[in-house]
Amino acid sequence: MTSPQHPDHHLETRLVHEGSQRTPFGETSEALFLTQGFVYESAESAERRFLNEEPGYSYSRYSNPTIDAFEQRIASLEGAEAARATASGMAAVTAAMVGQVQAGDHVVAARALFGSCRWVVEDLLPRFGVGCTLVDGADLSQWREAVRPETKAFLLETPTNPSLDIIDIAAVAAIAHEAGATLTVDNVFATPLFQKPLALGADCVVYSATKHIDGQGRCLGGVILASTEFIETKVQQFLRMTGPSISPFNAWVLLKGLETLPLRVEKQTATAGYLADALHDHSKLQRLIYPGRADHPQAELIRRQMSGASTMIALEVKGGKAGAFRFLNALNLIRISNNLGDAKSLVTHPATTTHQRFTPEQRAEMSIPDGLVRLSVGLEHRDDLLADLTRALECA
Ligand SMILES: *Cc1c(COP(=O)(O)O)cnc(C)c1O
């Protein structure tokens, strides 16, 4: 990655221009370098490239001009020194966590994690001799009490999936640093626009770029952002040698996705706020949780930590699973899918899909009642969405 070309421009400008490297053809849109490898002018040049004495590319598992462009653009958005793109969000989370630990180390993570992230820390790491303690992320004393001499890394997600609880990033980062550990934040739900974990004290940020960064449901992708030192000492070698590399094609789609990210996320968030206000007191709802409303239990922390609300709403439908299923099945425009951040509005029933493998007790600990429905608000007209939701709630 080269140094930023647009350090003084505003965010929207950087998201359109940062990372572009025009070829001699003078193309307007970024070229797509769909190549596995690169050829060398001479045997001597190949030797120097492998000795790292000559700049340039050698193999797309290591780096590629299109992937570089995506990494540079998102690093500029996040305000990070370095970024590494991966094949999926899970590849990013796995590399970020595995890259920081070895047998005998210990990790502390918030319990309310995206299901696969929780599997990585709770099931995968212990197989290789890394201990893991799960805590209620909102309870700072639990983070403190979980620390052991061998604790190396903390992991959290905020707002949490699917219940939209908020964890105090700055406070948890301070506890991690006091313990000599690092903090990694999965920032998918907040998006890089509305929350800056590195500025709040986190050491590493991970994204599933599959969500808002693509935003049109096409490609899987992920990204790890941190200081150059963090990337080079903890992540780089793991990625190069184990190969969870993103396809240049997917990196190109995600690069173009960044150009429209502010437009889409701001519009989807405005629509989500409108729907949350319109549906809040609906008689078929037990509860509606939306980070943009003053009645969110952690509204004060949201004001301190986030610069915008969310494209996501959590709705607890009365009547438990049966009520939630009647509601989901009555929707016409909004489709049932476990994806999120898409241009199309999507709903999911976490208790029977994304969080099915947990026991009812574990789901209760994660604030996932059987009536809970997660709504990802898309780009449709807000009144078409409201009509679909209102009509389906009448059927619930
Ligand atoms: C989707 C998601 C992931 C995993 O990303 P993939 O791209 O599906 O691998 C991780 N964390 C959160 C919060 C997510 O929403």
Side-chain angles (χ1 to χ4, degrees), residues 1-42 44-46 48-87 92 191-193 205 207 209-210 212-228 231-232 235-236 239-240 244-266 343:
M1 229 175 70
T2 55
S3 51
Q5 297 149 9
H6 301 268
D8 302 326
H9 284 129
H10 291 91
L11 176 80
E12 291 82 350
T13 309
R14 284 182 280 126
L15 286 176
V16 174
H17 291 283
E18 192 65 84
S20 287
Q21 294 186 57
R22 221 160 249 127
T23 75
F25 290 120
E27 66 281 355
T28 44
S29 175
E30 292 73 3
L32 166 51
F33 292 92
L34 199 55
T35 180
Q36 298 165 339
F38 302 84
V39 296
Y40 309 99
E41 286 302 321
S42 65
E44 288 78 10
S45 166
R48 284 193 301 273
R49 210 69 72 81
F50 271 75
L51 283 168
N52 247 337
E53 288 173 356
E54 178 182 289
Y57 298 96
S58 57
Y59 191 48
S60 286
R61 170 149 51 81
Y62 302 156
S63 59
N64 168 289
T66 308
I67 299 172
D68 266 5
F70 170 59
E71 291 172 345
Q72 205 169 316
R73 196 167 283 182
I74 190 154
S76 171
L77 165 58
E78 192 72 38
E81 280 177 12
R84 286 294 178 277
T86 55
T191 82
L193 296 171
V205 180
Y207 288 100
T210 313
H212 303 85
I213 294 171
D214 177 318
Q216 294 176 67
R218 300 161 294 192
C219 291
L220 297 179
V223 60
I224 306 171
L225 297 123
S227 65
T228 305
I231 295 286
E232 285 180 356
V235 174
Q236 176 106 320
L239 291 176
R240 286 172 67 101
S245 322
I246 190 169
S247 151
F249 179 82
N250 288 7
W252 183 84
V253 172
L254 299 171
L255 172 73
K256 303 306 279 180
L258 286 176
E259 296 184 354
T260 56
L261 182 74
L263 285 174
R264 290 183 284 105
V265 169
E266 281 160 21

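- A 4.5 Å side-chain heavy-atom check between Leu239 and Ser245 finds every atom pair outside the cut-off.
- Taking CG of Leu193 as the reference point, atom CD of Glu12 lies at 8.5 Å (rounded to 0.5 Å).
- Nearest heavy-atom pair, Gln21 versus Glu27, reported as atom, atom and distance to 0.1 Å: O-OE2, 4.2 Å.
- Applying the side-chain contact (heavy atoms from CB on, under 4.5 Å) test to Ser42 and every residue at least two apart in sequence or in another chain returns Glu44, Ser45.
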Listed pairs under 3.5 Å, donor-acceptor, residues 253-262 side chains, sequence neighbours left out:
{"unit_1": "Lys256", "atom_1": "NZ", "unit_2": "Ser29", "atom_2": "OG", "d": "3.2"}
{"unit_1": "Lys256", "atom_1": "NZ", "unit_2": "Glu30", "atom_2": "OE1", "d": "2.6"}
{"unit_1": "Lys256", "atom_1": "NZ", "unit_2": "Glu259", "atom_2": "OE2", "d": "3.0"}
{"unit_1": "Glu259", "atom_1": "OE2", "unit_2": "Arg73", "atom_2": "NH1", "d": "3.1"}
{"unit_1": "Thr260", "atom_1": "OG1", "unit_2": "Gly257", "atom_2": "O", "d": "3.3"}
{"unit_1": "Thr260", "atom_1": "OG1", "unit_2": "Arg264", "atom_2": "NE", "d": "3.0"}

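- In this structure a side-chain-to-backbone donor-acceptor pair under 3.5 Å is missing from Thr228 to Ala82.
- Glu54 pairs by the salt bridge (charged side-chain N to carboxylate O under 4.0 Å, His left out) definition with Arg48, Arg49, not counting sequence neighbours.
- Contacts of Ser76 classified as side chain to side chain donor-acceptor pair (under 3.5 Å), with partners at least two apart in sequence or in another chain: Arg14.
- Among residues two or more places apart in sequence or in another chain, the ring pair (Phe, Tyr, Trp, His ring centres under 6.0 Å) test is passed with Tyr57 by Phe38.
- Under the side-chain contact (heavy atoms from CB on, under 4.5 Å) criterion, Ala46 pairs with Tyr40, not counting sequence neighbours.
- Across all their heavy atoms, Ala31 and Thr66 have their closest contact at O-OG1, 3.6 Å.
- Nearest heavy-atom pair, Ser58 versus Phe50, reported as atom, atom and distance to 0.1 Å: CB-CE1, 4.5 Å.
- Here the side chain of Thr210 pairs a donor or acceptor atom with the backbone of Gly221 at under 3.5 angstrom.
- Contact check for Tyr207 versus Leu225: side-chain heavy atoms found under the 4.5 Å cut-off.
- Remark: His9 pairs with His6 by the side chain to side chain donor-acceptor pair (under 3.5 Å) rule, at least two apart or across chains.
- When the shell of 6.0 Å around OH of Tyr62 is examined, it contains more than 12 heavy atoms from other residues, nucleotides or ligands.
- For the atom pair Trp252 CH2 and Asn64 CG, the distance stands at 14.0 Å (nearest 0.5 Å).
- Minimum interatomic distance between Gly222 and Phe70 (heavy atoms only, all atoms of both residues): O-CE2, 4.5 Å.
- To the nearest 0.5 Å, the span separating CG on Asn250 from OG1 on Thr86 amounts to 11.0 Å.
- Under the side chain to side chain donor-acceptor pair (under 3.5 Å) criterion, Thr191 pairs with no residue at all, not counting sequence neighbours.
- Not counting sequence neighbours, Thr35 has no partner by the side chain to side chain donor-acceptor pair (under 3.5 Å) test.
- Contacts of Arg218 classified as salt bridge (charged side-chain N to carboxylate O under 4.0 Å, His left out), with partners at least two apart in sequence or in another chain: Asp214.
- Remark: the backbone N or O of Ser63 is not paired with any side-chain donor or acceptor of Asp68 at under 3.5 angstrom.
- The ring pair (Phe, Tyr, Trp, His ring centres under 6.0 Å) check on Phe249 picks up nothing, with sequence neighbours excluded.
- Taken from CG in Leu32 to OG in Ser247, the straight-line distance is 7.5 Å, to the nearest 0.5 Å.
- Heavy-atom neighbours of Glu41 CD from other residues, nucleotides or ligands within 6.0 Å: at or below the threshold of 12.
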